[in-house]
Structures are given as C-alpha cells and as structure tokens.
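Chain A is the first sequence line, chain B the second, and so forth, proteins listed ahead of strands; every chain is numbered from 1. Keep in mind the model is a prediction, meaning the values are calculated, not measured.
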Amino acid sequence: MAASRIDIVATRLIAGGAAMLASSVLADSGLEHYRGSFANPTMVLPLGSAALSIAVNARRSGKPESGGSEAPTISHVASTAVGLIGLGFHVYNVTKRPGGLTFTNLFYGAPVGAPASLVLSGMLGGIADRLSKGEEELGPIGLTSGRAVGGVVSVGILGTVGEAALLHFRGAYHDPFMWLPVTLPPIAAISLGRDVIEDTVRPATTVLLAATAVVGILGVGFHAYGVARNMGGFRNWRQNILAGPPIPAPPAFTGLAIAGLGALLLMKARR
Amino acid sequence: MPSEFQAEPRAINGRAPDVFTPDGWVPMRGHADDKEVDFLIVGTGAGGGTLACKLAEAGFSVVAMDAGPYWRPLQDFASDETEQQKLYWTDERIVDGDNPITMGANNSGKSVGGSTVHFAMVSLRMRPEHFATRTKLGYGVDWPICWEEMWKYYDEVEKTLKIAGPVRYPWGPKRGRYPMRAHPMNAAAEYLARGAEALGIDWTETPIATLSAPHGKAHPCVYRGFCVTGCSTNAKQSVLVSWLPRALKAGAEIRDLSMVGRIETKNGRCTGVHYVREGEWRFQRARHVVVAGYAIETPRLLLNSASDAFPDGLANSSGLVGKNLMVQLNQAAWGQVADEVRSYKGPPSLAISEHWNYADMGKDYFGGWSYMSQGPLPISWAKTLAGGHGLWGQALIDEMARNNHSVGLKMVGEVLPDERNRVTLADETDQYGLRIPRITFSHSENDKAMMNHAVDFMDRSLAATGATERWKEMSDTCHLNGTARMGNDPATSVVDADCRSWDIPNLWVCDGSVFPTVGGVNPSLTIQAVACRTADRIKALAARGEL
Ligand SMILES: Cc1cc2nc3c(=O)[nH]c(=O)nc-3n(C[C@H](O)[C@H](O)[C@H](O)COP(=O)(O)OP(=O)(O)OC[C@H]3O[C@@H](n4cnc5c(N)ncnc54)[C@H](O)[C@@H]3O)c2cc1C
Ligand code: SF4
C-alpha cells in the first residue's frame, strides 16, 4: 500500500522526534559520562548508539519513504537494548550508595530517567521505520492508527516529567520557571493519553504538545542561565557546564512532543 | 604570615562594601557620634549581625561596630590557610586551668560577620529537652525560653540562610522542609554513613549553611572545601552575606575596624560606648547598648566597663559575668582506609549522627553529643598529626603523604555549666590599653566520661568500615558559650529571657554568652534564633512603652 501524504508527514515527525531525543541523550550522557571519567568502559555505549540513532532517524525523517537496509533496525534494537542495560546500571549505582533508595542518592546518583530516553528513542525510531516500510503491525500491536506511538509518547513525557520533578526538587525550585516543565507537559501527556484511549483527537492536545515542544527549547535557555549563575559563569565553562543544570536535557520534551504530534496526525487520518 | 590585611575602614562616608561585587559598594546610612542612636551593637557576628538586621528592619536606628575588617569574599579571600589567618581573633589572651583552651582559629573570628565568616556551617537545632535539662534530664539549668518558641525561630533562621538539609531528619519532633536540598556526600561522609549503619544507629546528611542552588547574587557551593578559612564564592551563608546586606538596606550602619573599649553609664543607665577607630578614641551616644562580642569578649567588655556605680563590672550583681564558660568537646577518632577518600573535598562535615543527643540510655554521664565526618585542610591536618598524634620529622612527612586515605569522625559534645570555668581580667593590657581576658578552664569528670564514650564509639564506627591504624585525638575543643547566662532569676543569671540585663535596663547581651546550657550541637543557629526572638521582644516592649 502506498503511504498517504499524511502518513509520510507523520513518519517524518516521529523519526524527527526520535532523532531529537537521541541528540539530547548523546549530549547529556556525553557530558555526564565525561564527568564520571568513563570509569566503566560501557559508559561509551550510549554515546555510540545515540549517535547512530541520530543518523538513521534524521535520514528517515528526511527521506521517509526510503525502504531498504537493515542498518536502522540494528540501530533501534541497539538503542533500546543499551538503554535497558543502562537503566540497570543506573539503578544499581543509586541503590549501592549508603542509605539505598534515598532522595540524596536519587539526586546525585546516576539518573534513572536518562537511559530510559534512549529506550524511547529506540522504540519511536523502530516504529517510524516500520511505518515507512508500510508495515502495519508490530506483533499484536497496530501501528498505523497512531495510538501506539501516542501511548509511547504519553508515557515517555510522564517519565521525563518525573525526572525533571526530581532534579528541580533537588534545586529547591529556586526559580519559579522551574515549575513549568512539571506542570504543562503532564497535562499534555494526560490529554494525549486520553485521546489514545478514547481514539479521538482533541484540538487541545495538539496545542499542549506544541507548547511542550516549546518548553523543551526554552529549557535550554533557562539551563544556560543556571550555568551562568555558578562561580565564574561561562568564563569557567569547563567546570560550570558540568556543575550547573544540564543544558541538553530539556529538548527531550521537544523530541517526545514532536513524535506525539506525528501520532495525532495518524490518529486523525484514520478517523 | 598572612598578607597585610585591610588596615583602613571601608564602611565610611555613606557607603559600605558590596560583598557580592568585586570593588563594589552599597549605600549606607551614617550616624554622627554625638547623635543618640536607638541601638548600638558591639559585634556583628551570629548574635550582633542578626539583631542589627532585625532591629533596623523594625525601624530602629542602629549602629553595629566590629573590631574586624569588612571583607568582600569574592576578591579578598584566598584558597590559602596561612593567608586566611587574617580572619581569626588572635589578640593576646591568657589561658589557664587544668585544660587551657587553645584560642584563635577554632573558636573566634574578628571580622564583620564575626566567627561565621570562617565557621563550618553546620546548622543544627538543639534537642527540645536540652532547653530544660534540669527538669527533664536532671542536670544543668533550664533555659527561660521553651523549645516550641525556639523552634519557631529556628524556622526563620533556616529560611534566611537557605539551609541545605535532608528531606527527612531522623531525630526529634517533625520539622518543616529545609529550604534547600542536601549536598552530595563526599567519601568522608560515606564512611560515617556506613559505620553508623553497621552499628545500627541513624545518620543523615548534615544540614549546612551553604547553598545547593543559586540564591540572589550568591553562587552555589563549588565543593572545594576551604570553608573554615572563609568562602570565596559567597555560597556560605555567613552573617556577612546573609543578614548584613539586609541590615544595610534597612538603614543600619556597620562600623568596621571599630574596637569598643568601654560602655559608659550614668545614673544607672548606659549612655554610649567608647571605641577606637583609625587610632582615635571616640564616643558614640546610644539609647541602648547591646553586647554581642562572643563568649570571651562580651564578659571582658562588661568587666572592663566597671565604674564607681558598678565596681564589679556592668550587669554583674549576680557575680556571674564571665562564669559558666562552656567550651564544646571536639575529640576525634581517625584511621586509614584503602581507597582514596580525599576528605578535604567539599564542606568538612557532610554527614552527621545525632544519635547520642537523643538517646539517654547507655551513658555514664550527663549531656549529649553529635559526631560528624571531617575534612581537615593540609596545615590543620599537619597540626593535628603533630599535636594530637605526636608525629614529627620523617614520620610526620610520611603520614602527610597518606593524607588522601585518612578518614575521621569528630564530636561536638556538651560541657556542663561550672562556675570555676570562667573569664576574668588579667592585669596585662592589649594594644588599646585594655585589660586582656584570662580564660580558665578545666574538664570535669563528666566531660571525661563523655569523651571516652564518644571516642570509643567513633573508633568502633571507623573499625566497622575497615579503617586500620586507628588513633584517638583527645585534646581538641571548639565553640565557646555561656559567660552571661540568661535566666528567670536576677540572682542566678545575668540577663532575662529577652537578653536584657537585670541590672541596667538599657543594656543587653545577644550572642552565645547567654546560653545557660549548650547541648551537643554547634551553636550558631541557636544564637541567631535567640537574636531573632530578642528583636521581636524589643519590638513588643517598644510598642508597650517598656523599652
Ligand atoms: C572554625 C570554626 C568553625 C565553626 N563551625 C561552626 C559550625 O559548623 N556550626 C556552628 O553552628 N557554629 C560553628 N562555629 C561557631 C560559631 O561561629 C560561633 O558560635 C558564632 O559565630 C558565635 O556568635 P557570636 O555572635 O557569639 O560571636 P561572633 O560570631 O564571634 O561575633 C563576635 C564579633 O564581635 C566582634 N567583637 C568582639 N569584641 C568586640 C569589641 N569589643 N568591639 C568591637 N567588636 C568586637 C568580633 O570581632 C566578632 O566579629 C564555628 C566557629 C569556628 C571558629
Ligand atoms: S566548599 Fe562550598 S561553602 Fe566551602 S568554601 Fe567552597 S564554595 Fe564555600
């Protein structure tokens, strides 16, 4: 079946979102694992798989109808697997600290949410891949209705909100704008989740997802300001980029929201 | 030797240094010597600085004098232990008794902001029962203020200082959330935690007065660990960067490099103070005088102000000025571990156990103590090894080379009030011609029993974490308090619960001197809470026309 124009745009958005998410993971894990001096050699894995994921998803987003090679599939499986393994390592890193599962260990141990982003990027990339090849199902799950993607995005946004909520709590919400990513995106995620369950598309969801995408971009600016407030500001960037809030983290919201808009297109088209 | 430090006053001609900008200034209201100000405060540390802010904000005219300089930490503080000796009060003093106290670095500062400029930032609340040890626990004396009231003021101080503390505090009544989250623990703190877990007692991240997130123009902590030599990032919420900028904004005048030598009295009331600035003795008129010079200088000034009407010194009808000096015990256990600890990284005391402040069973002594992880800087570590461990020559050099693997725990222990421990005046005089203090101190049997228990316990904690070559440092002391105690009875105390002297209605004492007992926690949070309460009481008394 030849893909409709809408399907093509949706595939672009989903792959583009996955690429954005992978970019956030690459930059963030690059910085954080550099700070951790790559103490464990496996700490390079997310960098490799995120880089690959950016490449294949960007290509897919640019040329949604190029079918073919096995490379994308390998990349998406690798992202998902590396993300899951990372999740295990990060949970271990947190719980082995004195006190175990305490707030301080969650604040300063390896972030549990970060590898999950890589899993999400792998899943979204995999779905975009199949859609572009005209495959309508993944096992028992139908893909073309957009509901599966919508579900992944909704859960993904909620997870990212959890991570932002934890880390902004660590920062004691010292700036009122720190409330933004823990108030707006959850509403978007819930609205999207409701649309997925009821198989309807509310106009509000589109607006909320677009706003979430914007929040992710604004976050980069806010985090840069946060870095500047450390001793020495950007003159001391080599230390402060690591000490301040992670500049590459907020666009994870943008990536997810863009993929969510792709899901809405598919859902609309099937109605 | 430290470099030639600031010799000229900076807070003059209508402006004071802006602590948040290199070479910056903020406007400051000036007061003429011959104009009677509402409150003249001697000392701008934990007690005086806090009170200056609160009284100025309440609309009183305030002049606060400090013998020390007005620093701008961003440009004046070096990451150098020797240079930073410029922060300590090192004027001549005589120490005696069975256990003469080492004065200077570890207990007294001479700067605008007082000792908090180089304090270790540990910000603890006293256990509720420790405000009424006589009735609740059978020793010491009761405070004239109930713990519920003190805890209300702790809230205020913690909010102001943006204390970074744990989400849940394991001991005592429920408290509100700390304004900022705890800092990450360094390896030294993890050793405390693992030891406490092995011995089956609670531990937690220490609530400390350094920012874990930016606040205004102050940067968050950078974890380099120069805290006890002064913090050059302004992360540390000393009085200098927290209360005093507010005080200036509210119209207070801070007079740096101004040493008060004598309080003048006439017809049973204070009329002002004699002070030296720029080599010249001057007289500032005042309606009220507040002494907040720390537990040694406060009684010294009161005693040095003796007159025909008050031959034993001011506020001294009870004979208690200078008596009941309480030092806090600061013994430690140290050891060596296989992994690199680098305990000097980050603020020195990031983990704490207050278990033995709250547990009353299993003790053969009165009083409480807490213990914290440690992070001595190199010179102070060398002094500890030489003085406390008896190492010298090659042995000292070898031990210093293993510094990255040293780990230790140190107590803050309660000493009970004892009139034989006291500050009196020696016949010798200082550079201003003022009689210097003689500080007499001897440990009691109770102190010794507490030290032994604490050091053994800390040693067991280290052993449980695999530390070897362990040794005990038995000689150290820290914070001083208690030489002008507050109480309900003029016969047994120097000031009342409002810090107002019983003898002279317009003379007040507002610093660590007023503590009837000290508990097993570092005192600065309590001193600031008392100052906040005093300000509220002064407002209330003024409103009733009772000032
Ligand atoms: C190294 C160190 C670490 C510490 N760590 C902690 C900690 O972690 N937690 C904690 O709670 N406490 C700590 N403390 C203790 C705490 O700093 C003091 O208890 C507290 O600052 C005392 O407050 P104060 O108002 O009594 O006196 P100070 O803060 O010492 O202020 C007194 C001021 O008065 C001035 N002054 C005295 N006499 C005169 C005079 N005649 N004329 C003019 N000025 C005068 C002095 O120059 C000084 O600036 C520490 C202290 C030191 C030295
Ligand atoms: S470790 Fe933090 S509080 Fe201590 S001196 Fe450095 S910045 Fe200041």
For [X], look at atom [atom1] and say whether over 12 heavy atoms of other residues, nucleotides or ligands are found less than 6.0 Å away.
X: A:Tyr92; atom1: OH; answer: no
X: A:Phe169; atom1: CZ; answer: yes
X: A:Met123; atom1: CE; answer: no

Give me a line-by-line list of donor-acceptor atom pairs from chain A to chain B that are under 3.5 Å apart, or tell me none exist.
unit_1: A:Gly99; atom_1: N; unit_2: B:Glu197; atom_2: OE2; d: 3.1
unit_1: A:Thr104; atom_1: OG1; unit_2: B:Glu205; atom_2: OE2; d: 2.7
unit_1: A:Tyr108; atom_1: OH; unit_2: B:Ala182; atom_2: O; d: 2.7
unit_1: A:Phe169; atom_1: O; unit_2: B:Arg181; atom_2: NH1; d: 3.2
unit_1: A:Arg229; atom_1: O; unit_2: B:His219; atom_2: ND1; d: 2.8
unit_1: A:Arg229; atom_1: NH2; unit_2: B:Gly216; atom_2: O; d: 3.1

For this session: Sort B:Leu211 into side chain, backbone, both or neither according to what part of it lies under 4.5 angstrom from a heavy atom of chain A.
Result: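 For B:Leu211, no heavy atom lies under 4.5 Å from chain A.
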
Exercise. Residues two or more places apart in sequence or in another chain: which of them pass side chain to side chain contact (heavy atoms under 4.5 Å, CB included) with A:Leu208?
Worked result: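 For A:Leu208 the side chain to side chain contact (heavy atoms under 4.5 Å, CB included) partners, ignoring immediate neighbours, are A:Leu184, A:Ile187, A:Ala188, A:Ser191.
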
Exercise. Considering residues at least two apart in sequence or located in another chain, which fulfil the side chain to side chain contact (heavy atoms under 4.5 Å, CB included) criterion with A:Leu261?
Worked result: A:Leu13, A:Thr206, A:Leu209, A:Leu264

Problem set entry | Which atom of A:Gly171 lies closest to which atom of B:Ala213, heavy atoms considered | O-CB, 3.6 Å

For this session: Please report the closest heavy-atom contact between A:Ala172 and B:Pro179, naming both atoms and the distance.
Result: CB-O, 3.4 Å

Exercise. With sequence neighbours left out, what residues match A:Tyr34 under ring pair (Phe, Tyr, Trp, His ring centres under 6.0 Å)?
Worked result: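 Per chain and number, A:Tyr34 pairs via ring pair (Phe, Tyr, Trp, His ring centres under 6.0 Å) with no residue.
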
Exercise. With respect to chain B, which residue among A:Ala243, A:Pro245, A:Gly99, A:Gly233 yields the maximal number of heavy-atom pairs within a distance under 4.5 Å?
Worked result: A:Gly99

